[in-house]
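Worksheet for the structure shown next.
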Amino acid sequence: DQGGARGGRSPTEILLVMHPYTSMCVCFQVTGEVGIIESISLKNFMCHSLLGPFKFGPNVNFVVGNNGSGKSAVLTALIVALGGKAHTTNRGSSLKVFVKEGESSADVSITLRNRGRDAYKPEVFGQSINIDLRISSEGMRTYKLKSKTGHIVSSKKDELISILDHFNIQVDNPVSILTQEMSKHFLHSKGEGDKYKFFMKATQLDQMKEDYSYIMKTKSMTQNAVEKHRELKRKYHEKEERYKNLASLNEMQQKLDELKSQMAWSLVAEVEQEMKPMREQIAAEEKSTVKYDQKVEEWEEKVKKISISLVVPNFWVSLDLKCTTKMSSFLILVLSIDRSHFVYLVILLFSLFCSREKQDLQRTIESKRRNLAAMENSRGNQVCRFGEHMPPLLRAIDEADRRGQFKKKPVGPLGFCIRLRDPELGLAVECCLKALMLAFCCDNHADERELQRIMSRYFQQGRRPQIIVSTFTNTAYNVKSRAVDHPEYPTVLQALDIENSVVANCLIDMRGIETILLIKNAKDARKVMQSVNRPRNCMEAFTREGDQVYYNRYYSSEQDRVRYLSKDVEEEIRFENIKSIFEMGFISVFKQNSLIKKINVLVDLCVSLCLCVQEEELEELCSRINVCREEFEAVRDQVLTHKEEYEEADQLCRQQREAFNSIAEEAEPIKEQLSSSDQELARSKHHKKHYDEKQKAHVDMIETLKTNLNVKDLELQASIAKASEICPERLDVRRTAKSLDSEISRLRHKINTQQDQQGHRDTIVRQYHEAKENFNNIARQVKGLEAFIRQLTEIMNTRHNVYAEMRMYLSVRCKYYFDSMLSQRGYIGKMTFDHKNETLSISVQPGEGGKAVLSDMRSLSGGERSFSTVCFVLSLWAITEAPFRALDEFDVYMDMVNRRISMDMMLKVAASQRYKQFIFLTPQSMSSLPVNSLIRILRLKDPDRSQSALPFGQRNPE
């Protein structure tokens, strides 16, 4: 058809060829359109770094080269890339052996032609299909199926299998690709069974035979399953027979059910009879409860009257016995006290309060004195500022370290190990670190326990310093990524000079000092922390006054001065001296009786204070004294005013005391009256308690009876519920539960006896229904299986007949082509198939026509045997279809004459089948071949070990 392409296909060239053996004129396509190999290339495959790309012609291709040049590698790569298994190549059992030693993977690329009307998905792949295979060093292979333009269409092996099925490419068929090992095993084997297997494999009859065998095996298994189902039918009939024999048991079971219903309602009636006397007893006891209630109310009224008459006398008697110690009595009876008496009590209570205040102030002064002594000691030793126990504690730690009691000497107190870069931030740092100023750090828990033991000697009372366990390191943490970086304000870490990395790491871990800013001004701190764009990583901030600032709240500091980090020790000592002198002065004030003496004492204190101050501070103190004098004048005026009020209150107090003494004298006869009233009250309480107990016992008895009645009522409700489940309608039963129970037992024994003989009724019914349901289901399945077996048998009989005819037809064609090819050299031969014993015997005799005597191939020479083998292969080519055929070193055992004749025969076959592709691998030079456009020779040079790629040449560029 030279007229163009219909449907978008390229025109196809047609050739009329005379068949070389039959003298028939056959119409062929000039070249194959689908499935032939256009090119192949190898990288790091077997022992070759690079082979190709090889451009194959559409008809005859010779790959020639000496041993080691890569011929067999090309054929092996072709098998593996087209999905063949490793053992099919006879070169190894695993794909990883094909990867060149020292390389991580091997690559094979094959291009298949995809033209004409039989093309595979031409709209996707185009006119060629590129198959790229990569084999990893672990033996894993991955595919990339590309179109002609290089676009990756798929990477699944299923797509490759579909392509091979569409092109009828069979890489495991020896007729399509015949390797050296396959040739030695089948063709050059002397066994007739091997030749028969080769014939069956080449024609794919062995695959059909295996498929038929699998189908027949499945049919046999299905028939066995049907036989088992027939056994179930017999068992079903047995259970059906037993089910029919249950008629007599049904009557007895019905009678048993009636007796059970009567038994249930009989139990209900008995419970109701038991509850009737219980209700009557409860009603009688509740009537007698009124008598006990009256007695209890009578004696309770008497107790109340006597108690009320004793309230006021008891107050005065208790007042004589130091009522100030009984605050609860004072609060209860305060409303019944005269106003003058109340004022007197208030004065007494105030005196007690002043006494307690004096004691608290003395304890505070003692504490201040100890702090002052510690500060004075800190002039030569700053450790004293951390408490009076800290110096001896550190000396004990040093002594223990010298004795080897610590693995690593503890570090502390942490506040002693840090220095301020800016003294104004001392209060802010102390408010931030708080208890950590006194804390110690240990490397391990053993050192912690030893330090705890030492601390127990110096801190027996009160709170001990905190101990932190953290592994000691010589380098400080790198906190650059999580620290606050502000251009104006420092963090706590930046404001401190810390020489010991252990201390720095401990404060970072425990307090996160790299995330806390120090901002002196409170207004600026609020502005920075509570703005929308607050500093990154900043958790909180502290002001110069120690106030704590968060992004959503603000806390004022309770601490008003620096305790540990102050550098001016003298100023601290002077401050403590002033506080101590004033507090001691307030103690002496409490000992005086007039406000004038208190003021004089304050003046003396100021004078003594001035004597303590150094000469260079005299002027400042004098100015303070002037201020104090002015305040003193103002206070003195107030004192004069309050003095008059005090004298009036004192006079009133004396009057109230005289009244109190007179009342105490009048309290004596009241005491006697109280004694008799107490006796009467005790007697009344005794009678009330007696009747209370009797009333409680009576009520408890009634509650017990009601509880028992409720229990019986619950039992009745449960009995009614059970009886309603058995028989919803209530029965009027005259018989007792005992008689009904005996009859039920007798009837149940009779039923059990029959069930032992026939089986339990419920079990028989259940088994019958189960067997019936299973039988019906299985019967439907068996019916379908039997129909399937009949249809399968018919199909398999037809297929076996067709298989036998096809096998006979292929055998006859193979014989015919074999005789025709032998006659090219004047040989005669005979091919005998024994399909029953699965053997193929070939007899060949070289000679002249009828004069030759047939003999087995084993008697032939090597060249004659190889020629006969080629004829056998060509006859199989004639009866099978494949887009390409490949032979590896087909002429290795031939002499020059047989090689030339075999080559001419194969070229004739190739010329008659120009739509198929032929690839021959041979170590011969093939220099005697005629120059022809249909023949392409790919000549491989001997490998050069120093080169990574093997060059090749082509005799014909076509």
Exercise. Start with the C-alpha distance between Asp398 and Lys409, add both sets of side-chain angles, then the distance that settles salt bridge (charged side-chain N to carboxylate O under 4.0 Å, His left out), and finish with yes or no.
Key: CA-CA 8 Å; Asp398 293 338; Lys409 181 182 175 182; 2.5 Å; yes
I need the [X] [atom1] to [Y] [atom2] distance, nearest 0.5 Å.
X      : Y      : atom1 : atom2 : result
Arg385 : Met437 : CZ    : CE    : 9.5 Å
Phe472 : Cys442 : CZ    : SG    : 6.0 Å
Ile516 : Leu493 : CD1   : CG    : 10.5 Å
Gln548 : Ser556 : CD    : OG    : 10.5 Å
Arg464 : Ser456 : CZ    : OG    : 5.0 Å
Phe459 : Met390 : CZ    : CE    : 5.0 Å

Practice problem: Scan side-chain atoms only and decide if Asn505 and Ser470 contain a donor-acceptor pair under the 3.5 Å cut-off. | Solution: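 Absent: no donor and acceptor within the cut-off.
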Taking all heavy atoms of [X] and all of [Y], pick out the closest pair and write down the distance.
X      : Y      : value
Pro535 : Leu517 : CG-CD1, 4.0 Å
Gly415 : Phe386 : C-CZ, 3.5 Å
Leu436 : Ile468 : CD2-CD1, 3.8 Å
Arg534 : Val528 : CB-O, 3.6 Å
Gln530 : Arg553 : NE2-O, 3.9 Å
Glu450 : Gln405 : OE2-OE1, 2.7 Å

Self-check item: Glu399: salt bridge (charged side-chain N to carboxylate O under 4.0 Å, His left out) partners, not counting sequence neighbours
Solution: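 Salt bridge (charged side-chain N to carboxylate O under 4.0 Å, His left out) check on Glu399 returns Arg402, Arg403.
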Exercise. Can you sort out the partners of Asp422 under salt bridge (charged side-chain N to carboxylate O under 4.0 Å, His left out), two or more places apart, ordered by chain and number?
Key: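 Asp422 satisfies salt bridge (charged side-chain N to carboxylate O under 4.0 Å, His left out) with Lys520 only.
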Treating [X] as the side-chain partner and [Y] as the backbone partner, does any N or O pair qualify as donor plus acceptor under 3.5 Å?
X      : Y      : answer
Glu430 : Leu565 : yes
Asp447 : Phe406 : no
Arg421 : Gln494 : yes
Thr475 : Ser501 : no
Asp547 : Ser557 : yes
Arg544 : Leu425 : no
Arg419 : Phe416 : yes

Quiz item: With under 30° as parallel and over 60° as perpendicular, where do the rings of Tyr550 and Tyr555 fit, or are they tilted in between?
Solution: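 The arrangement is perpendicular - the two ring planes meet at more than 60°.
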Can you check whether [X] reaches [Y] side chain to side chain, under 4.5 Å on heavy atoms?
X      : Y      : value
Phe440 : Leu394 : yes
Cys432 : Arg511 : yes
Ile519 : Lys527 : no
Leu496 : Leu420 : yes
Leu518 : Val492 : yes
Lys696 : Val699 : no
Asp497 : Ile418 : no
Met455 : Leu393 : yes

Please check if the number of heavy atoms outside [X] that lie under 6.0 Å from its [atom1] is greater than 12.
X      : atom1 : answer
Asn533 : CG    : no
Asn474 : CG    : no
Arg457 : CZ    : yes

Exercise. Start with the C-alpha gap between Cys538 and Met529, add the side-chain angles, then the distance that decides, and say whether side-chain contact (heavy atoms from CB on, under 4.5 Å) holds.
Key: CA-CA 8 Å; Cys538 184; Met529 292 300 297; 3.5 Å; yes
Quiz prompt | side-chain contact (heavy atoms from CB on, under 4.5 Å) evaluation trace for Tyr554 with Thr543 | solution = CA-CA 11 Å; Tyr554 187 100; Thr543 66; 4.1 Å; yes
